[in-house]
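Everything on this sheet refers to the single structure shown next.
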Protein chains: 2
Amino acid sequence: MSSPGSRTTVIALLADRGYRLTAPRRQILDVLLASGTPLSAAGIHRRLENRRINLASVYRTIWVLLGLEALRATDAIGGEKRFELADPLGAHHHHLICQDCGRIEDLEGCPLEERVLRAVNRRVRRSRRFRIVEHELRLIGACADCDGAGRRTRARRRP
Amino acid sequence: MSSPGSRTTVIALLADRGYRLTAPRRQILDVLLASGTPLSAAGIHRRLENRRINLASVYRTIWVLLGLEALRATDAIGGEKRFELADPLGAHHHHLICQDCGRIEDLEGCPLEERVLRAVNRRVRRSRRFRIVEHELRLIGACADCDGAGRRTRARRRP
DNA sequence: CCGTAAGCTGCAAAGCGTTTGCAGTATGAG
DNA sequence: CTCATACTGCAAACGCTTTGCAGCTTACGG
Ligand SMILES: [Mn+2]
Ligand SMILES: [Mn+2]
Ligand SMILES: [Zn+2]
Ligand SMILES: [Zn+2]
């Protein structure tokens, strides 16, 4: 297997583009592979084995991986930026985001069927002149832990 | 007419909650009413008649209007935060976002029909335990001006 | 293996958008 | 009109992200 999100593929991609495989990059990649949810730069940094790796290097690696299209940026709640390894090929998925705790879960696959997408495309194309390339769907609500009692665990951040 | 996004309604709402109707607030509201697209704090500030109004006041007013639910935050491309007056009642709409110039256009109404939303809800509820409260759909692509030649007018910002 | 060029890293400082403390000003109720 | 107090401009503080730099590493050819 060698989807864009696989360890070997990303490593090959780095070499291919003249990037070097350094310890920080390997560790950051491993953190991303191990995480089941998108992580912020600080989140990645916090999970690194070697705590001597600088936060600046995390940012630089994020930037490199985005350039390789091996990483995908997803806006969490409140504009917080998080990152996750890209899906294989032209695949994509969307997220369930908890309003209260900020937790992000994957929604496997895309619920927008061909039919819907085509309809939107037609509608848009007719009125405005706009070519849709991709889309992003965020389902916002309450996760299992936060539902039930309205015990808002994390105060909603300022805008 | 008195939808949440109407001038009189917002003004009434302010008084109702003990807020004062000040010159900065009135002008900021007018800028938002006049704009056909979501604006950033800086964007609002730039358009203000009275240039002596401080950017801090713009932020404070944004915060107040969000509290009144008269304003809605929409994440533009690259995590840039922008704001627009809320839709009437429980209505909502989504956006077409140009990858190249960052321009944001409204897509009237929501293309996710009942059928789709119910299906998603059922699917989510069965596997995970997650209650969907709202959703956000962003259609990303190229606007009329930027399509055709790939003459990328505004460099893609860092993540 | 080892030497070397250049890519990379840690560190510290700079940037930038956003928030906050404060002292003076303007609003709206009485 | 008067007065209590919400609000404003200003400047400093903040938190996240980026950048300059000097030294360290990696990949590669010999
Ligand atoms: Mn995901
Ligand atoms: Mn809109
Ligand atoms: Zn999709
Ligand atoms: Zn919708």
Side-chain angles (χ1 to χ4, degrees), chain A residues 10-29 31 38-46 48-68 71 73-83 102 154-159, chain B residues 10-29 31 38-68 71 73-83 102 155-159:
Chain A
V10 178
I11 290 178
L13 217 53
L14 282 168
D16 224 55
R17 306 271 199 106
Y19 289 109
R20 291 183 180 174
L21 181 56
T22 64
R25 284 179 186 162
R26 210 179 1 241
Q27 284 186 46
I28 289 168
L29 184 53
V31 165
L39 297 174
S40 63
I44 294 171
H45 187 240
R46 204 176 324 115
L48 287 172
E49 267 299 303
N50 181 352
R51 308 306 318 290
R52 316 171 64 77
I53 294 175
N54 198 275
L55 181 55
S57 297
V58 174
Y59 279 108
R60 287 190 273 230
T61 297
I62 285 173
W63 191 235
V64 167
L65 293 179
L66 284 173
L68 298 176
L71 196 66
T74 107
D75 294 317
I77 223 159
E80 190 189 1
K81 263 168 286 179
R82 300 210 201 172
F83 307 89
R154 180 214 269 186
R156 202 161 180 174
R157 295 178 35 163
R158 279 211 168 196
Chain B
V10 177
I11 290 179
L13 218 54
L14 282 168
D16 224 54
R17 306 270 200 106
Y19 289 110
R20 291 180 180 174
L21 181 57
T22 64
R25 284 178 187 162
R26 211 184 353 246
Q27 284 187 47
I28 290 168
L29 183 55
V31 166
L39 297 174
S40 64
I44 294 172
H45 187 239
R46 202 174 326 114
R47 282 159 228 241
L48 288 172
E49 267 299 305
N50 181 353
R51 307 306 318 290
R52 317 172 64 76
I53 293 175
N54 198 275
L55 181 53
S57 297
V58 174
Y59 280 108
R60 287 191 272 232
T61 297
I62 286 173
W63 192 236
V64 167
L65 293 179
L66 285 173
L68 298 177
L71 196 67
T74 107
D75 294 318
I77 223 159
E80 191 189 2
K81 264 167 285 179
R82 300 210 200 171
F83 307 89
R156 203 161 179 172
R157 295 179 31 162
R158 278 212 169 194

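So you know, we letter chains A, B, ... as the sequences are listed, proteins then strands, and number each from 1. Only this structure's heavy atoms are used, side chains among them; waters, hydrogens and symmetry mates stay out.
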**OP:** Return no unless some side-chain N or O of A/Thr22 is found under 4.0 Å from OP1 or OP2 of D/dT25.
**Re:**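 A/Thr22 to D/dT25 OP1/OP2: no side-chain N or O under 4.0 Å.
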**OP:** Indicate whether OP1 or OP2 belonging to C/dC8 is found under 4.0 Å from a side-chain N or O atom of A/Arg25.
**Re:** yes
**OP:** Give B/Ala56 one of three labels, base, sugar-phosphate or nothing, depending on what nucleic acid heavy atoms sit under 4.0 Å from its own.
**Re:**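 Base contact - B/Ala56 has a heavy atom under 4.0 Å of at least one base atom.
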**OP:** Scan B/Ala42 against the nucleic acid and name what it touches under 4.0 Å (heavy atoms): base, sugar-phosphate only, or nothing.
**Re:** nothing
What is the separation between atom [atom1] on [X] and atom [atom2] on [N], rounded to the nearest whole Å?
{"X": "B/Leu55", "N": "C/dG17", "atom1": "CG", "atom2": "P", "result": "10 Å"}
{"X": "B/Gln27", "N": "D/dG9", "atom1": "CD", "atom2": "C1'", "result": "14 Å"}
{"X": "B/Ile28", "N": "D/dG9", "atom1": "CD1", "atom2": "P", "result": "8 Å"}
{"X": "B/Leu65", "N": "D/dC7", "atom1": "CG", "atom2": "P", "result": "12 Å"}
{"X": "B/Arg20", "N": "D/dC3", "atom1": "CZ", "atom2": "C1'", "result": "10 Å"}
{"X": "B/Arg52", "N": "C/dA26", "atom1": "CZ", "atom2": "C1'", "result": "15 Å"}
{"X": "A/Glu80", "N": "D/dC16", "atom1": "CD", "atom2": "C1'", "result": "11 Å"}
{"X": "B/Trp63", "N": "D/dC7", "atom1": "CH2", "atom2": "P", "result": "15 Å"}

Could you check if a side-chain atom of [X] sits within less than 4.5 angstrom of a side-chain atom of [Y], using non-hydrogen atoms only?
{"X": "A/Thr61", "Y": "A/Ile44", "answer": "no"}
{"X": "B/Leu29", "Y": "B/Leu14", "answer": "no"}
{"X": "A/Leu65", "Y": "A/Phe83", "answer": "no"}

Original post:
When the nearest nucleotide of DNA chain C is assigned to B/Asn54 and to A/Ile53 on a heavy-atom basis, which residue is associated with the more 5' position?
Top reply: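 Result of the comparison: A/Ile53.
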**OP:** Measure from the side-chain heavy atoms of B/Arg60 and tell me the nearest of C/dG10, C/dT20, D/dA27.
**Re:** C/dT20
**OP:** Can you figure out which of C/dT9, C/dC11, C/dG28 approaches the side chain of A/Pro24 most closely?
**Re:** C/dT9
Original post:
Would you find a donor on one side and an acceptor on the other, under 3.5 Å apart, between the side chain of B/Arg47 and the backbone of B/Gly43?
Top reply: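 Answer holds: yes.
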**OP:** Please figure out whether B/Val58 or A/Ala41 has its closest DNA chain D nucleotide nearer the 5' end.
**Re:** B/Val58
Subject >> Comparing A/Arg26 and B/Tyr19 on DNA chain D - which has the more 5′ nearest nucleotide >> reply: B/Tyr19
Original post:
Is the CZ atom of A/Arg51 crowded by more than 12 outside heavy atoms at less than 6.0 Å?
Top reply: yes
